Amino acid sequence: MISFKNRLFLHLGINLTKNFCTKAARNKVKCDLSSKKTLGQPTQYTHPHLIGENEVTPLIKKEEYQNRRQKLVESISEYALKCNAPSKSHMIIIPSANKQFMSDKIPYIFRQNSDFLYLTGCQEPNTCVVITTSKSPSGHRTTLFTRDKDSHAELWDGPRTHPEDAPDFFGVDQSLPISELPNFINSFRKSSSVVNLWYDLESNVSTETSNIVRDYLKECGNKHFESPRNFIHKLRLYKSTAEIALMQKSCDIASKAIAETMEYSRPGIGENQLFAKVDYECRARGAEFLAYPPVVAGGSRATIIHYINNNQLVYGNEMVLMDAGCEYHGYASDITRTWPVNGKFTNCQKEIYQIVLEVQKELINLCSKLPTLDMLFECMCLLLGRKLQEIGLVGVQPSDSYIMKAAYQLCPHHVSHYLGMDVHDTSSISRNIKIEPGMVITIEPGIYISEKSKIPKDYHGIGVRIEDDILITVNGPVVLSRRCPKEIDDIEAIASRGAKN
Ligand SMILES: [Mn+2]
């Protein structure tokens, strides 16, 4: 059997043992599996190259999912006790994402609701998980609601995981068809005097489930209800060993893809071609898709922070700003690089690039002091401002607040966000808490000088951002996207290769 450590290395592209991918090993994997049925998502039986023993999703085992649910129940119970909640009876309802359609029967690519995926590993749409506890947090029960059997739909769209197969595969206590959800919720209420209901009515993950919850609230007049979102985000904030391996791989893929795109670029190239290149290089390395619509901005379009039209040509001595990342088995990378399309920075470009690079490195080093993300932002403003002052682009006034304000005008976005299953991960977590080991954050300072700026004309249209993904550890920050070149010499060497062809 393939050990967890070896599978971890396999995902990182390191094969430690010679024989663990042999035919014999693969056959053994198959024989050990109790269920050989085809389910609604990859299993060890159908996808032995992706899923290992006891894993529900790549690298993440049944026990890890069970642990996450246990921790969620514990934190919610603890909070309820502190708030003198009327009973120890809790019902936590987390819906999956639903299938979305472009038009008629044409679906968008499905992407699971991250909170639901984090707690179950279930990758199917139109499903739901309900965690109930009536006495102690350890006595909780997880019920996974899966889609009703439908032989016609399964003939068209492929198999679904049926309730009889779900408990064993996902490690949940029971599974019922989704049509049973309203009955289940109501009967739990009847079995227990007061139920604390945990559901996020604000988010629009599933209208169907929200309607069921609204009907339930109307019928029983239950006032004891709150969103579980922040409790789940507090867990998702700290990455496990398996999650870190997945994030490292996601960053490796995007790093290499962006480096390949640098090499591919040359004057006259279309932003759409660079977009296609980075997308291809990510998918070819095993990413499911890009984690967000990438910014591929040539020339002065780099000063438009969320430029995603990506439909212009990049000329002569212009730079390309590319903000792109991928999703690898549910984990996102988020990297930005800026390079001269002809392989040679102009003096002004180099001057600005150098400042952003120095500030970015200083901010990464600062992570070892475990600041808050907001503190990092203030540091960025001060550091950028001082350096811009040195080259005469910011006035000579000495006050810190003046310098920071001037810098903020040239970099009007935050310098960091949490990263994980979502690109802007755990959005309910404040940026005003100290970072801790196990968290992954981005560091992304930039300078954008628009054509309307009062700064000398030579600098107009220059937009530079450098963004890396950083794992916080007890031994200091680890740059997960370290394989993506950012030093001036390296970038010039790589980008000029494409320009010569
Ligand atoms: Mn970012």
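Because the structure is a prediction, the values reported are computed rather than measured. Whatever order the structure lists them in is the order used to number ligands and atoms, beginning at 1. Heads up: numbering here begins at 1 and tracks the sequence.
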Handout entry: Partner residues of Tyr264 under the side-chain contact (heavy atoms from CB on, under 4.5 Å) criterion, sequence neighbours left out
Key =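 Tyr264 satisfies side-chain contact (heavy atoms from CB on, under 4.5 Å) with Arg266, Ile269, Gln273, Leu274, Lys277 only.
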Handout entry: Residues Tyr199 and Ser210: side-chain donor-acceptor under 3.5 angstrom
Key =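 A pair is found: one side chain offers a donor N or O, the other an acceptor, under 3.5 Å apart.
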Handout entry: Side-chain H-bond candidate by donor/acceptor type, Thr442 with Glu444, under 3.5 Å
Key =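 Indeed, the side chains of Thr442 and Glu444 share at least one donor-acceptor pair under 3.5 Å.
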In a table with atom names and distances, give each donor-acceptor pair under 3.5 Å that connects a side chain of residues 448-458 to protein atoms at least two apart or in another chain.
from: Tyr448; atom 1: OH; to: His413; atom 2: NE2; distance (Å): 2.6
from: Tyr448; atom 1: OH; to: Arg465; atom 2: NH1; distance (Å): 2.7
from: Ser450; atom 1: OG; to: Lys452; atom 2: N; distance (Å): 3.1
from: Ser453; atom 1: OG; to: Ile455; atom 2: N; distance (Å): 3.0

Problem - Any donor-acceptor N/O pair, Asn310 side chain to Val296 backbone, under 3.5 Å - result: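 Indeed, once roles are kept as given, a pair shorter than 3.5 Å links the two residues.
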Exercise for the section: Sequence neighbours left out, what pairs pass salt bridge (charged side-chain N to carboxylate O under 4.0 Å, His left out) with at least one residue falling in residues 343-361? Expected result: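 Salt bridge (charged side-chain N to carboxylate O under 4.0 Å, His left out) check on residues 343-361 returns Lys344-Glu492, Glu358-Lys387, Lys361-Glu487.
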Exercise for the section: May I ask you to determine how many protein N/O/S atoms are under 2.8 Å from the Mn ion (ligand 1)? Expected result: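 Counting protein N, O and S atoms closer than 2.8 Å to the Mn ion (ligand 1) gives 4.
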